Amino acid sequence: MIKILKYGEVENKDIFARVVPEFDVEDIVADIIANVRQNGDRALLEYTEKFDGASLDSLLVTKEEINEAIALVDKEFMDILTKAAANIRKFHEKQVRSSFIINDENGVVTGQKIIPIDKAGLYVPGGTAAYPSTVLMDSIPAKIAGCREVVMVTPPMKNGRVNPVILAASAVAGVDKIVKVGGAQAIAALAFGTETVPKVDKIVGPGNAFVAEAKKQVFGVVSIDMIAGPSEILIVADQNSNPRHIAADLLSQAEHDTLASAVLVTDSASLAQKVADELELQIPQLERAEIARASIDNNGKIIVADTLDAAIEISNEIAPEHLELCVDNPFDYLDSIRHAGSIFMGRNCPEALGDYYAGPNHTLPTSGTAKFSSPLSVDDFVKKTQYTYYTKDALGRVAKDVEYFAKKEGLTAHAKSAVIRIEE
């Protein structure tokens with residue numbers, strides 16, 4: 001049964017507590033990375049047979065395999081993939097930044113260039129769990145940014161094939177290269193390169209504890225998007241909310257993982273109890289009931305606050321991955337939300353819309369990192385460089401200032417480099 005807590009009557013440590021995973025995988029992952037660095041494709045093939053039960057002759061997905069996969073996917077789902085991709089493109093195209101130049105017409109020019117990274121690596125969970133939505137969400141921003149090559153890694157099924165819906169989504173999104181490898185070994189391959197897998201500049205995408213640890217260990221060799229934790233949803237709801245809807249939305253994240261977090265914050269004690277009762281009715285009906293049950297028992301909670309404003313502040317402290325505002329006039333509260341990965345406004349906007357279809361990205365900061373992190377975007381696939389140009393006259397006007405500043409830092413060579421030109 002989900003816990004119901006009254007804010008102000010229990011300690012904050014109980015309000016904000018969460019069962020967090022403790023996986024001691026650091027040494028295992030380090031060994032996998034070292035093996036891939038040394039043995040390349042041979043290590044990848046061995047790990048794929050060991051962990052995925054697939055014996056492969058080649059790691060690359062061929063064009064024929066992609067075409068065969070598309071033929072296996074029903075037309076209705078292909079149409080839905082296409083519509084979802086269009087929504088994702090429409091949203092992310094608005095994120096494209098422009099370079100700029102500042103010319104003060106006095107011999108000084110400064111500017112900034114926006115440059116796409118050359119190669120992006122996408123990790124997509126596969127095997128028995130297929131997430132075509134991740135393919136769309138991670139690859140479309142990279143393509144919009146202008147990356148020269150988008151490389152996807154995903155574990156194969158036991159028959160040596162990649163799940164057809166994953167390949168169908170990759171065709172819709174325009175992925176350039178697909179490699180049949182998963183786990184920490186896939187991250188190592190993207191970071192350091194092998195005979196088949198090109199070394200990339202940035203790795204994005206969710207994964208299990210081994211994938212997350214591998215991303216952590218290769219950071220610095222390559223860039224990464226984030227270290228993602230278990231999924232989270234927080235719903236702020238008022239007394240007019242439908243408890244059946246609220247319970248269903250909480251369970252939409254609880255079914256992900258036994259460590260997922262599903263939280264309701266409301267100013268209505270009556271709604272709190274109705275949602276708790278409704279959860280007990282809905283959980284047994286789920287295909288993943290056992291997972292949802294553990295999630296609700298471990299990390300589910302209902303927090304009763306005195307006011308909706310207090311509920312918003314509780315949400316800001318938790319900084320959830322997904323935040324639903326199931327209230328009247330949700331836009332009245334939007335400016336009060338400071339920390340959330342993605343916000344779903346009103347009573348007709350379940351978080352699942354964002355997972356698959358609406359357009360905003362579903363790769364989001366978790367574990368409170370929304371306080372300082374952002375959703376995956378086109379920005380993740382570009383870098384910025386800047387430039388400066390001074391004429392001799394322009395340098396002459398400021399060289400003494402630069403010299404003075406440099407000497408204050410005790411860097412006389414810096415100072416000399418500024419004035420030597422005007423002394424001549």
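Everything numeric in this text was worked out from a predicted model, so none of it was measured. In what follows, every heavy atom counts, from backbone to side chain, and hydrogens, waters and symmetry copies are set aside.
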* Do NZ/NE/NH1/NH2 and the carboxylate oxygens of K400 and E403 come within less than 4.0 Å? -> yes

Sequence neighbours excluded and cut-off under 3.5 Å, please list the side-chain donor-acceptor pairs for residues 328-339, or say none.
residue	atom	partner	partner atom	Å
D328	OD1	R347	NH2	2.5
D328	OD2	N240	ND2	2.9
R338	NH1	E313	OE2	3.4

* With sequence neighbours excluded, residues passing salt bridge (charged side-chain N to carboxylate O under 4.0 Å, His left out) with E351 -> none

* **All salt bridge (charged side-chain N to carboxylate O under 4.0 Å, His left out) counterparts of K50, not counting sequence neighbours** => none

Under 3.5 Å, side-chain donor or acceptor atoms of residues 303-311 against the rest of the protein: list the pairs with distances, not counting sequence neighbours.
residue	atom	partner	partner atom	Å
D306	OD1	K6	NZ	2.7
T307	OG1	A310	N	3.0

* Test L5 against I302 for side-chain contact (heavy atoms from CB on, under 4.5 Å), laying out the working first. => CA-CA 6 Å; L5 308 173; I302 298 174; over 6 Å; no

* To do: For the residue pair H362 and T134, establish whether any side-chain heavy-atom pair is separated by less than 4.5 Å.
  => yes

* Within a strict 4.5 Å, meaning less than it, do heavy atoms of the I233 and V263 side chains meet? -> no

* Shortest non-hydrogen contact from V124 toward T154 -> O-OG1, 2.7 Å

* **Contact list for residues 376-391, test salt bridge (Lys or Arg N to Asp or Glu O under 4.0 Å), sequence neighbours left out** => R97-D379, K202-D380

* Does K215 use its side chain to pair, donor to acceptor, with the backbone of M226 at less than 3.5 Å? -> yes

* To do: Could you name each residue pair satisfying ring pair (Phe, Tyr, Trp, His ring centres under 6.0 Å) that touches residues 27-49, not counting sequence neighbours?
  => Y47-F51

* Is there a side-chain contact between L325 and F344, using heavy atoms and a 4.5 Å cut-off? -> no

* Would one find more than 12 heavy atoms of other residues, nucleotides or ligands at under 6.0 Å from atom CD of E195? -> yes

* **Heavy-atom closest contact (A189 atom, V36 atom, distance)** => N-CG1, 3.9 Å

* Asked: If you look only at pairs with a residue in residues 148-172, which of them pass as a ring pair (Phe, Tyr, Trp, His ring centres under 6.0 Å), with sequence neighbours excluded?
  -> none

* State plainly whether the residues K75 and D79 are in salt-bridge range, i.e. N to O under 4.0 Å. => yes

* **salt bridge (Lys or Arg N to Asp or Glu O under 4.0 Å) partners of residues 359-374, not counting sequence neighbours, each pair once** => E317-K371

* Which atoms form the tightest heavy-atom contact between N163 and A130, and what is the distance? -> ND2-CB, 3.4 Å

* To do: Say whether E255 and S295, considering side chains only, have a donor N or O and an acceptor N or O under 3.5 Å apart.
  => no

* Non-neighbouring partners of K63 that pass side chain to side chain donor-acceptor pair (under 3.5 Å), sequence neighbours left out -> none

* To do: Applying side-chain contact (heavy atoms from CB on, under 4.5 Å), run through Q217 and V29 and close with a yes or a no.
  => CA-CA 8 Å; Q217 291 190 25; V29 168; 3.8 Å; yes

* Asked: Judged by atom type as modelled, is there a donor-acceptor pair below 3.5 Å linking the side chain of N12 to the main-chain atoms of I15?
  -> no

* Asked: Any chance the side chains of T366 and E321 put a donor and an acceptor closer than 3.5 Å?
  -> no

* Asked: Is atom CD of E68 surrounded by more than 12 heavy atoms (other residues, nucleotides or ligands) closer than 6.0 Å?
  -> yes

* Interatomic spacing from NE2 in H92 to CG in L136 - rounded to 0.5 Å -> 10.5 Å

* Asked: Under a 4.5 Å cut-off applied to non-hydrogen side-chain atoms, are R421 and L395 in contact?
  -> yes

* Atom OH of Y357: over 12 foreign heavy atoms under 6.0 Å -> yes

* Structure fact -> V108 and D104 have their tightest heavy-atom pair at O-OD1, 3.1 Å

* Which pairs with one or both residues in residues 27-45 pass salt bridge (Lys or Arg N to Asp or Glu O under 4.0 Å), sequence neighbours excluded? -> R42-E46

* Okay, side chain of K180, backbone of G160: is any donor-acceptor separation there less than 3.5 Å? -> yes

* Could you check L234 against H322 for side-chain contact (heavy atoms from CB on, under 4.5 Å), going step by step and ending with a plain yes or no? => CA-CA 6 Å; L234 187 147; H322 308 97; over 6 Å; no

* To do: Could you give me the CA-CA distance, side-chain angles and deciding distance for S315 and L323, then say whether side-chain contact (heavy atoms from CB on, under 4.5 Å) is met?
  => CA-CA 8 Å; S315 173; L323 169 62; 3.5 Å; yes

* Donor-acceptor pair, side chain of E232 and main chain of S367, under 3.5 angstrom -> yes

* From L364 CG over to L376 CG, what is the distance, rounded to the nearest 0.5 angstrom? -> 9.0 Å

* With no hydrogens and no angle check, is any side-chain donor or acceptor of T388 less than 3.5 Å from a backbone partner on T110? -> no

* Asked: Parallel under 30°, tilted from 30 to 60°, perpendicular over 60°: which one fits the rings of Y7 and F16?
  -> perpendicular

* Structure fact -> For G205 and D225, the nearest pair of non-hydrogen atoms, with its separation, is N-OD2, 2.9 Å

* To do: Could you tell me whether the side chain of N361 and the main chain of M137 form a donor-acceptor pair under 3.5 Å?
  => yes

* Asked: Less than 4.5 Å apart, any side-chain heavy atom of V236 and any of T266?
  -> no

* Structure fact -> Heavy atoms of C147 and P116 approach each other most closely as N-CB, 3.9 Å

* Asked: Quick check: are there more than 12 heavy atoms from other residues, nucleotides or ligands sitting under 6.0 Å from CZ of F405?
  -> no

* Is there side-chain contact between D201 and V222, with heavy atoms separated by less than 4.5 Å? -> no

* Can any side-chain N or O of S139 pair as donor or acceptor with the backbone N or O of V135 at less than 3.5 Å? -> yes

* **Interatomic distance, I178 atom CD1 to S170 atom OG [nearest 0.5 angstrom]** => 3.0 Å

* Are there more than 12 heavy atoms of other residues, nucleotides or ligands under 6.0 Å from atom CG of D24? -> no

* Asked: With a cut-off of 6.0 Å (strictly less than), are more than 12 heavy atoms of other residues, nucleotides or ligands near CG of N348?
  -> no

* **Any side-chain donor near an acceptor of the partner, T363 and D138, under 3.5 Å** => yes

* Asked: Using 4.0 Å as the upper bound for N to carboxylate O, is an ion pair formed by D176 and K143?
  -> yes

* Does the pair R293/D297 count as a salt bridge with the N-to-O cut at 4.0 Å? -> yes

* Taking C-beta and beyond as the side chain, do I296 and I283 meet within less than 4.5 Å on heavy atoms? -> yes

* **With sequence neighbours excluded, residues passing salt bridge (charged side-chain N to carboxylate O under 4.0 Å, His left out) with D355** => none

* Check whether any side-chain heavy atom of V221 lies under 4.5 Å from a side-chain heavy atom of F192, and answer yes or no. => yes

* Structure fact -> Contacts of K216 meeting salt bridge (charged side-chain N to carboxylate O under 4.0 Å, His left out) (sequence neighbours excluded), chain-then-number -> E213

* Got a sec: does the CZ of F219 have more than 12 other heavy atoms crowding it under 6.0 Å? -> no

